[in-house]
Amino acid sequence: MSSGTNILLESGTNEVEMLEFILGGQSFGINVSKVTSIIQFEDELLTAIPDMPPSIMGAFMFRGETISLINLAEALHRKPDAENDRPLVIATEFNNFQCGLYVNGVERIHRVSWEAFVPIENSFSSETMQGSILGTIHINQKDVLIIDIESIATQLFEGLSMESNYQHDSAEIGQNKHRNDIHVILAEDSAFIRKHILGVLNEAGYTNVTTFDNGLSADEYIIGLKKENKRPDAVVSDIEMPKMDGLTLCRKIKTDYNMGDLPVVMFSSLINDQMRHKCESVGANASITKPQIAGLVKLLDEFCNVQHYDDLEVAE
């Protein structure tokens, strides 16, 4: 399977392809853009690592390289199928990070509209699901739970944390009054990631940030501002979001609302050469890979004419 087959090749259609897989009899889904391959699990390819949490099975040999293998049932607090003797590994790549997901089986790929996506806070109240499940999509008379693999991996692997990629001099940041004046719109559906982005932006001095958990709400807010002859100073948007994806949001801002000069930065785990081209095709000013939060701050400084500081560094 190649991530190049996904529907986002048609930028701004507000559609996505989801891979449906099975854990303990329940259907789950993941964006095909994050899937690189599906292979049979073999014990001899797995090397157990001492003192790892139960959710990390160990190091798995994949295409001549070693990747971490996540026991997804354990990470989601679900019981795996006891009689399953042919488990699979879904190899994924996002945020320039590779890992495998140990699952019971794979069903098929579904092409769906983000409008059909129901966010987790609207469908479940269990706190154990928060940060692991983004929401649901009703397909073929069943609910498919869409996993938040970024949040799951961030909680398991310290190097993916956004805080670990941001450094600053607190005294110097406190002297910066210009960032306080910049109105930034942040569209990010993951509550876990949205909280961390907002925290770092606030810490950097960008305190006037209006957040949304989907592209449609951000779009409606911008329309409301436009009717009052107002506009934000910059927009930071994820790509995969419910109701309206980031590419569609960017296209509407740049084309439908005659705001071609409004800076739009795509901040997503899906960024690669192909996705950068898609972002450019809808008019995005820049695209950057999570979790490079310091790079995001630098871009906002550049587009909003705020002074750069030498202490803002993207971790290697």
Identified side-chain contact (heavy atoms from CB on, under 4.5 Å) partner of I147 from the options L134, N31, L101, L23: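 The single option meeting the side-chain contact (heavy atoms from CB on, under 4.5 Å) with I147 is L101.
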Partner of N285 under side-chain hydrogen bond (donor to acceptor under 3.5 Å, both in side chains), chosen from E280, K254, E302: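 It is K254; the other options fail the test.
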Derivation and outcome, side-chain contact (heavy atoms from CB on, under 4.5 Å), residues L296 and I293: CA-CA 5 Å; L296 174 62; I293 188 68; 3.7 Å; yes
Is there a path of hydrophobic side-chain contacts, each under 4.5 Å between heavy atoms of I/L/V/M/F/W/Y residues, joining [Y] to [X]?
X    : Y    : value
L19  : F94  : yes
M244 : M275 : yes
M241 : V118 : no
L145 : I70  : yes

Pairs where residues 209-232 contributes a residue and the test ring pair (Phe, Tyr, Trp, His ring centres under 6.0 Å) is met, not counting sequence neighbours: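 Ring pair (Phe, Tyr, Trp, His ring centres under 6.0 Å) check on residues 209-232 returns F212-Y221.
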Approximate separation, where rounding is to 0.5 Å, of [X] [atom1] and [Y] [atom2]:
X    : Y    : atom1 : atom2 : answer
K227 : N229 : NZ    : CG    : 12.0 Å
I197 : L186 : CD1   : CG    : 5.5 Å
E107 : I139 : CD    : CD1   : 11.0 Å
I253 : I185 : CD1   : CD1   : 7.0 Å
S190 : I133 : OG    : CD1   : 11.0 Å
I90  : C99  : CD1   : SG    : 10.5 Å

Side chain to side chain donor-acceptor pair (under 3.5 Å) between N272 and K278, worked out: CA-CA 10 Å; N272 53 30; K278 298 170 191 174; over 6 Å; no
Listed once per pair and sorted, the salt bridge (Lys or Arg N to Asp or Glu O under 4.0 Å) pairs that draw on residues 87-98, sequence neighbours left out: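 Of all non-adjacent pairs touching residues 87-98, none passes salt bridge (Lys or Arg N to Asp or Glu O under 4.0 Å).
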Which atom of [X] lies closest to which atom of [Y], heavy atoms considered:
X    : Y    : result
C279 : I239 : SG-CD1, 4.0 Å
M266 : D238 : CE-O, 3.7 Å
S287 : I271 : CB-CD1, 3.7 Å
V89  : G100 : CG1-CA, 4.0 Å
T92  : T36  : N-OG1, 4.1 Å
I182 : C304 : CG2-SG, 3.6 Å

Derivation of the salt bridge (Lys or Arg N to Asp or Glu O under 4.0 Å) call for R194 and D189: CA-CA 7 Å; R194 187 171 62 251; D189 63 319; over 6 Å; no
I'd like to check the salt bridge (charged side-chain N to carboxylate O under 4.0 Å, His left out) partners of [X]; sequence neighbours left out, ordered by chain and number.
X    : value
K252 : D256
E20  : K142
D43  : none
E228 : K230

Over 12 non-hydrogen atoms of neighbours within 6.0 angstrom of CD in E44: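 Yes.
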Within 6.0 Å of CD in E115, more than 12 heavy atoms from elsewhere: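 Incorrect, the count does not exceed 12.
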4.5 Å side-chain heavy-atom contact, M61 and T66: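 They are in side-chain contact.
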Heavy-atom check, side chain of I109 versus side chain of M18, under 4.5 Å: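 Sidechains of M18 and I109: no contact.
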Ring pair (Phe, Tyr, Trp, His ring centres under 6.0 Å) against F117, all qualifying residues, sequence neighbours excluded: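 Result, ring pair (Phe, Tyr, Trp, His ring centres under 6.0 Å) vs F117: W114.
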Residues in ring pair (Phe, Tyr, Trp, His ring centres under 6.0 Å) contact with Y257, at least two apart in sequence or another chain: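 If we apply the ring pair (Phe, Tyr, Trp, His ring centres under 6.0 Å) test to Y257, skipping adjacent residues, there are no hits.
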Any Lys/Arg nitrogen of [X] or [Y] sitting under 4.0 Å from an Asp/Glu carboxylate oxygen of the other?
X    : Y    : result
D213 : K243 : no
E188 : K290 : yes
D273 : R276 : yes

Working for side chain to side chain donor-acceptor pair (under 3.5 Å), residues Q40 and R86: CA-CA 7 Å; Q40 196 73 46; R86 293 184 62 82; 3.2 Å; yes
Full working for side chain to side chain donor-acceptor pair (under 3.5 Å) between E150 and S269: CA-CA 8 Å; E150 297 172 54; S269 62; 2.9 Å; yes
Option among R108, R111, K34 that satisfies the salt bridge (Lys or Arg N to Asp or Glu O under 4.0 Å) test with E17: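 The single option meeting the salt bridge (Lys or Arg N to Asp or Glu O under 4.0 Å) with E17 is R111.
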Residue pair M259, V264: steps toward the side-chain contact (heavy atoms from CB on, under 4.5 Å) verdict: CA-CA 10 Å; M259 294 184 182; V264 177; over 6 Å; no
Worked check of side chain to side chain donor-acceptor pair (under 3.5 Å) between Y206 and D233: CA-CA 11 Å; Y206 284 103; D233 296 295; over 6 Å; no
Pairs where residues 46-57 contributes a residue and the test side-chain hydrogen bond (donor to acceptor under 3.5 Å, both in side chains) is met, not counting sequence neighbours: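 Pairs touching residues 46-57 that pass the test: none.
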Derivation and outcome, side-chain contact (heavy atoms from CB on, under 4.5 Å), residues R231 and K226: CA-CA 6 Å; R231 54 183 288 172; K226 192 174 188 303; over 6 Å; no
I67: partners by side chain to side chain contact (heavy atoms under 4.5 Å, CB included), with sequence neighbours left out: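 Here the qualifying residues are F60, F62, Q98.
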T210: partners by side chain to side chain donor-acceptor pair (under 3.5 Å), with sequence neighbours left out: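 H183.
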D143: partners by side chain to side chain donor-acceptor pair (under 3.5 Å), with sequence neighbours left out: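 Side chain to side chain donor-acceptor pair (under 3.5 Å) list for D143, sorted by chain: H138.
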Candidate pair L300 and V236, rule side-chain contact (heavy atoms from CB on, under 4.5 Å), full reasoning: CA-CA 9 Å; L300 288 175; V236 176; 3.9 Å; yes
